[in-house]
Amino acid sequence: MDSIIHLEKIIKKYYIGTENELEVLHGIDLDVEEGEFTSIVGESGSGKSTLMNIIGILDRPTEGNYELLGIDIGSLSDDACAAIRGRQIGFVFQTYNLIPRMSARENVEVPLLYAGMPPAQRKERAEFLLELVGMKDRMDHSPDELSGGQKQRVAIARAMANDPAIILADEPTGALDSATSRMIMDIFHRLHTEQGKTILLITHSQNLAEETPRILTLMDGRITGERRGAHAG
């Protein structure tokens, strides 16, 4: 099977050419195949966020090659990168990033609006996704009327809006209690098994990582190990 994500010798440096030059990623090689549920686990400062930003096309590597769905990302313009990011990658962040003045349904509709989907179809798609994550009865509520777990479920529905090739989840349960975290992880498992989604989970939690079939350990900007999750379904 072809890799959906292919990273080759990825290096990321900051403050290039100054005395403070800092290399955060030191030659990362990574292949993720379609339909995989993979976690990248590492402590704070290991380079997880930097790596996620590169995979999510939010940042560019200093050196190395990145191909997403067979497309050489390094050869693309910023506008072309933004188009691929919006269409092929769904983001779930620890901080939810919902728009306060919009209802849950309107938040889910935002990516569809940018994609040019007509209003009636946007509404139907958003309602379907909110039902998928158990939020149909709260779709008209604004974010400040929702709990943390409910906000994160809306954020997952929004990440699924354009039926992306990949879901990138960056510490998605970091702000949630254990029971709510369990609910969020169950949703990811369902998206993986029932929808066949390729999911990349970035986490510092070994317990969460153990639920994924494939675990990559990131330490000091290098992938130092790969193993199978002990509690993978």
Side-chain angles (χ1 to χ4, degrees), residues 1-6 30-40 52 55-57 68-71 83-94 96-98 104-117 120-139 146 149-173 176 180-203 205 208-216 228-229 231-233:
M1 192 181 290
D2 290 337
S3 296
I4 198 168
I5 293 170
H6 175 69
L30 173 63
D31 283 281
V32 176
E33 293 184 353
E34 185 175 358
E36 275 193 40
F37 190 176
T38 301
S39 58
I40 297 176
M52 190 195 123
I55 293 172
I57 325 180
L68 177 66
L69 299 164
I71 300 165
I84 288 184
R85 186 171 62 241
R87 185 71 190 84
Q88 300 294 355
I89 303 173
F91 294 94
V92 181
F93 297 102
Q94 179 177 340
Y96 322 125
N97 291 8
L98 300 178
R105 191 190 72 240
E106 289 167 337
N107 266 282
V108 176
E109 285 186 31
V110 168
L112 303 168
L113 180 67
Y114 285 122
M117 185 180 283
Q121 283 178 257
R122 286 203 308 266
K123 184 172 182 286
E124 184 179 355
R125 173 77 177 157
E127 290 178 0
F128 166 77
L129 290 167
L130 286 166
E131 185 170 15
L132 193 71
V133 298
M135 284 294 291
K136 189 172 185 179
D137 61 334
R138 309 284 286 177
M139 67 174 64
L146 303 176
Q150 290 170 335
K151 289 176 188 174
Q152 195 60 294
R153 283 190 274 167
V154 174
I156 293 169
R158 181 186 56 192
M160 290 282 292
N162 281 324
D163 195 21
I166 303 160
I167 294 176
L168 282 184
D170 187 11
E171 301 282 9
T173 65
L176 305 174
T180 311
S181 297
R182 173 73 271 141
M183 184 169 34
I184 295 302
M185 284 302 292
D186 286 345
I187 290 172
F188 284 124
H189 286 301
R190 283 200 351 253
L191 293 177
H192 174 236
T193 57
E194 296 172 15
Q195 309 264 327
K197 281 296 167 192
T198 306
I199 303 173
L200 204 53
L201 173 71
I202 316 290
T203 183
S205 168
L208 287 188
E210 290 294 345
E211 294 191 27
T212 67
R214 184 186 185 199
I215 303 171
L216 302 170
R228 184 168 173 79
H231 309 297

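Side chains are part of it too, since the values below use all heavy atoms of this structure and drop only hydrogens, waters and symmetry mates. For this chain, numbers begin at 1 and follow the sequence in order. Given the structure is predicted, the values throughout are model-derived calculations rather than measurements.
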With the side chain counted from C-beta on, respond yes when [X] and [Y] share a heavy-atom pair under 4.5 Å apart, and no when they do not.
| X | Y | result |
| --- | --- | --- |
| Val92 | Asp170 | no |
| Leu216 | Leu30 | yes |
| Thr198 | Ile5 | no |
| Val133 | Val154 | no |
| Ile215 | Glu210 | yes |
| Val108 | Met160 | no |
| Arg125 | Asp163 | yes |
| Pro172 | Gln94 | no |

Minimum heavy-atom separation for [X] to [Y], with atom names?
| X | Y | result |
| --- | --- | --- |
| Lys151 | Leu146 | CE-O, 3.4 Å |
| Ala104 | Arg138 | CB-O, 3.8 Å |
| Asp31 | Ser3 | OD1-OG, 2.8 Å |
| Glu109 | Lys123 | OE2-CA, 3.5 Å |
| Ala159 | Pro164 | O-CG, 3.2 Å |

Treating [X] as the side-chain partner and [Y] as the backbone partner, does any N or O pair qualify as donor plus acceptor under 3.5 Å?
| X | Y | value |
| --- | --- | --- |
| His192 | Gly35 | yes |
| Arg87 | Asn162 | yes |
| Gln152 | Ile184 | no |
| Thr173 | Leu176 | no |
| Lys197 | Arg190 | no |
| Arg105 | Met139 | no |
| Arg158 | Tyr96 | yes |

Any residue meeting ring pair (Phe, Tyr, Trp, His ring centres under 6.0 Å) with Phe91, in chain and number order, not counting sequence neighbours: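 Only Phe93 meet the ring pair (Phe, Tyr, Trp, His ring centres under 6.0 Å) criterion with Phe91.
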Heavy atoms from other residues, nucleotides or ligands near CD of Gln195 exceed 12 (cutoff 6.0 Å):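 It does: Gln195 CD has more than 12 such atoms within range.
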After noting the C-alpha distance and the side-chain angles of Leu69 and Ile84, does the key distance pass the side-chain contact (heavy atoms from CB on, under 4.5 Å) rule? CA-CA 10 Å; Leu69 299 164; Ile84 288 184; 5.7 Å; no
How far does [atom1] of [X] sit from [atom2] of [Y], to the nearest 0.5 angstrom?
| X | Y | atom1 | atom2 | result |
| --- | --- | --- | --- | --- |
| Ser39 | Ile202 | OG | CD1 | 8.5 Å |
| His189 | Thr212 | NE2 | OG1 | 8.0 Å |
| Glu127 | Glu131 | CD | CD | 9.0 Å |

Begin from the C-alpha positions of Leu201 and Leu168 and carry the test side-chain contact (heavy atoms from CB on, under 4.5 Å) through to its verdict. CA-CA 6 Å; Leu201 173 71; Leu168 282 184; over 6 Å; no
The test is side-chain contact (heavy atoms from CB on, under 4.5 Å); show your working for Ile167 and Leu200 and say whether it passes. CA-CA 6 Å; Ile167 294 176; Leu200 204 53; over 6 Å; no
Do Leu68 and Ile166 pass the side-chain contact (heavy atoms from CB on, under 4.5 Å) test, and can you show the C-alpha distance, the side-chain angles, and the key distance before you say yes or no? CA-CA 10 Å; Leu68 177 66; Ile166 303 160; 3.1 Å; yes
Glu211 bridged to Arg182 by N-O distance under 4.0 Å: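 Salt bridge: yes.
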Look at Arg214 together with Glu36 and state whether they make a salt bridge at an N to O cut-off of under 4.0 Å.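 Judged by the 4.0 Å cut-off on N to carboxylate O distance, Arg214 and Glu36 do form a salt bridge.
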